[in-house]
> 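I'd like to ask some things about the structure below.
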Amino acid sequence: MQIHVKHQSDIITAYLFGELDHHSAEEVKTKLDDAIRKYSDANLVLDLKNLSFMDSSGLGVLLGRYKKIKMYGKNMYIKNANKQVEKVFDVSGIYKIIKKIK
Amino acid sequence: MQIHVKHQSDIITAYLFGELDHHSAEEVKTKLDDAIRKYSDANLVLDLKNLSFMDSSGLGVLLGRYKKIKMYGKNMYIKNANKQVEKVFDVSGIYKIIKKIK
Amino acid sequence: MKSKNIMELRLLSLSQNESFARSVVGAFATQLNPTLEEISDIKTAVSEAVTNAIVHAYPDTIGDIRIVAELSGNIIRVKVQDFGVGIRDIQQARQPFFSTANDESRSGMGFTVMETFMDEVIIDSTPAKGTTVEMKKSISKQDY
Amino acid sequence: MKSKNIMELRLLSLSQNESFARSVVGAFATQLNPTLEEISDIKTAVSEAVTNAIVHAYPDTIGDIRIVAELSGNIIRVKVQDFGVGIRDIQQARQPFFSTANDESRSGMGFTVMETFMDEVIIDSTPAKGTTVEMKKSISKQDY
Ligand SMILES: Nc1ncnc2c1ncn2[C@@H]1O[C@H](COP(=O)(O)OP(=O)(O)O)[C@@H](O)[C@H]1O
Ligand SMILES: Nc1ncnc2c1ncn2[C@@H]1O[C@H](COP(=O)(O)OP(=O)(O)O)[C@@H](O)[C@H]1O
């Protein structure tokens, strides 16, 4: 699991590469929390174009990051989820909480 | 396992796609024999660029086709084997019998 | 299409086996010539069941996980079995967002995902004996 | 790197399982972080051993094949076991180009390929009981 973070004015974009499951969850959590702490005045965009797989473990990780960002008074967005990942999001209704952008 | 055959003047080129093992051997044998019978006045070039895997089952299949072609007074050549396939060829010494071309 | 096939896989409840387990069942399922989406559905459901065995069935130990996959006609059946702590209240466990774990990555959506991605999910569990999750899915017949 | 892991796979001796079997062992081996060439070597050797069980061990029946793969340090051990006809003369069977089959795809190079692609190949066989082929390979330590 790799994460590349790009910071541009008041937005950080985190690009996730690989598979997000229970095994990789801890690493994703730590890396995203580092970025959130470092750029606490920025909104976070998760670009999932290169996330090839995610199961329900990913839902918990993303909701946890969302709560953290809200505490800083900022927002989080999801982008470019593939069909499989989108299907897991749809089951959970996560898009009622975290906004999807293009 | 797919095979595309291209006929051009006195050469037929057979492009192998996929994996050549004991399971796919019979199909490869039949398809190559059809081509050899149909173009019995042509030399055969096997282009293995898209053959992603081959085990020793492939050696028997290729040697069998070589013998058949020789009966027609024609020749057979191998081209573009990937590293894994090349390694199986090297173990068998098949290049002492069937020529490799570029 | 080959009519019948069955395989059994035994694994340890190590988290690095989660991706391995779903790949194996996904690779076996390709014999039914499913669509990419059907393969993804099966892999996701298997990932949920295997993760549950790793996280919940064996919270403090490394235990055995047994996976049986059976192909018959255009149907795949996958059984994921553990010999761990078991589930006390299966009805409750099936509820969306219900989870007994305090691990943040447990959203309580595992069984809901399995039920959505597969046609049928049967849970059989005995406390202190273990849990078996049996899932079934029909694969669409594709023409060539 | 995780220190130890073991898995067991049971299959039927159907030829469509040849590619499945080598993929499974290949996928398991990735936990040792091997090079692409090392993975190919392992898949090729497994393909040979499994094909032998399908072709030679069960010439007229469908039988069981058991594969055990074990990761320990940077070493992978793979055992391919059948419960078929067995091998009468193992020394002879190991000879390059020796084959008892009249099937054209049998070149007699199966064991030679296994020996070339793996570090060690041990054959244990009893006529009418079955055959076990145990293979071992060290994976190069790669730096990140
Ligand atoms: N194999 C299992 N062994 C023991 N308990 C389990 C097992 N699978 C599920 N459970 C129980 O069912 C609950 C709900 O499971 P699930 O819907 O997958 O959500 P989650 O795994 O996110 O908690 C779990 O929190 C756990 O208490
Ligand atoms: N699992 C097995 N059960 C019975 N006989 C076997 C088995 N594996 C190999 N053999 C015997 O050993 C011979 C040599 O095997 P191998 O080198 O793989 O060549 P090939 O499979 O092309 O014949 C086979 O022809 C067969 O007689």
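Each chain gets a letter, A, B and so on, in the order the sequences are listed, and its residues count up from 1.
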> Which of the residues C:Asn17, C:Asp103, C:Asp41 is involved in the greatest number of heavy-atom pairs with chain A at under 4.5 angstrom?
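The residue among C:Asn17, C:Asp103, C:Asp41 with the greatest pair count is C:Asp41.
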> Considering residues at least two apart in sequence or located in another chain, which fulfil the side chain to side chain contact (heavy atoms under 4.5 Å, CB included) criterion with C:Phe97?
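Listed in chain order: C:Met109.
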> For C:Ile62, look at atom CD1 and say whether over 12 heavy atoms of other residues, nucleotides or ligands are found less than 6.0 Å away.
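Yes, enclosed.
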> Sort by residue number and list every member of residues 118-136 of chain C having a non-hydrogen atom under 4.5 Å from chain A.
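Heavy-atom contacts from residues 118-136 of chain C to chain A are absent.
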> With no hydrogens and no angle check, is any side-chain donor or acceptor of C:Glu18 less than 3.5 Å from a backbone partner on A:His23?
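Yes.
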> Between A:Gly64 and C:Glu104, which heavy-atom pair has the shortest distance, and what is it?
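What the structure gives for the nearest pair is CA-OE2, 3.3 Å.
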> Within residues 43-55 of chain C, which residues come under 4.5 Å of chain A, heavy atom to heavy atom?
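Those residues of residues 43-55 of chain C which have a heavy atom under 4.5 Å from chain A are C:Lys43, C:Thr44, C:Ser47, C:Glu48, C:Thr51, C:Ile54, C:Val55.
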> Applying side-chain contact (heavy atoms from CB on, under 4.5 Å), run through A:Asp55 and C:Val113 and close with a yes or a no.
CA-CA 8 Å; A:Asp55 64 18; C:Val113 167; over 6 Å; no
> Can you tell me if A:Lys31 has over 12 outside heavy atoms packed within less than 6.0 Å of its NZ?
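Enclosed: over 12 neighbouring heavy atoms sit under 6.0 Å from NZ of A:Lys31.
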> Within a 6.0 Å radius of atom CZ on C:Arg77, are there more than 12 heavy atoms belonging to other residues, nucleotides or ligands?
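No - once you tally the heavy atoms of other residues, nucleotides and ligands closer than 6.0 Å, there are 12 at most.
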> Do you know the tightest heavy-atom contact between C:Ser105 and A:Ala25?
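Looking at all heavy atoms of both residues, the closest pair is CB-CB, 3.9 Å.
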> Chain C heavy atoms under 4.5 Å from A:Lys87: which part of the residue, side chain, backbone, both or neither?
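Looking at A:Lys87, backbone and side chain both touch chain C.
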> How would you list, by chain and number, every residue that makes a ring-ring contact (aromatic ring centres under 6.0 Å, His included) with C:Phe28, sequence neighbours excluded?
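Applying ring-ring contact (aromatic ring centres under 6.0 Å, His included) to C:Phe28 gives D:Phe20.
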> First locate atom CD of A:Glu19, then atom OG of C:Ser23, and finally report the distance between them rounded to the nearest 0.5 Å.
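Between atom CD of A:Glu19 and atom OG of C:Ser23 there are 6.5 Å.
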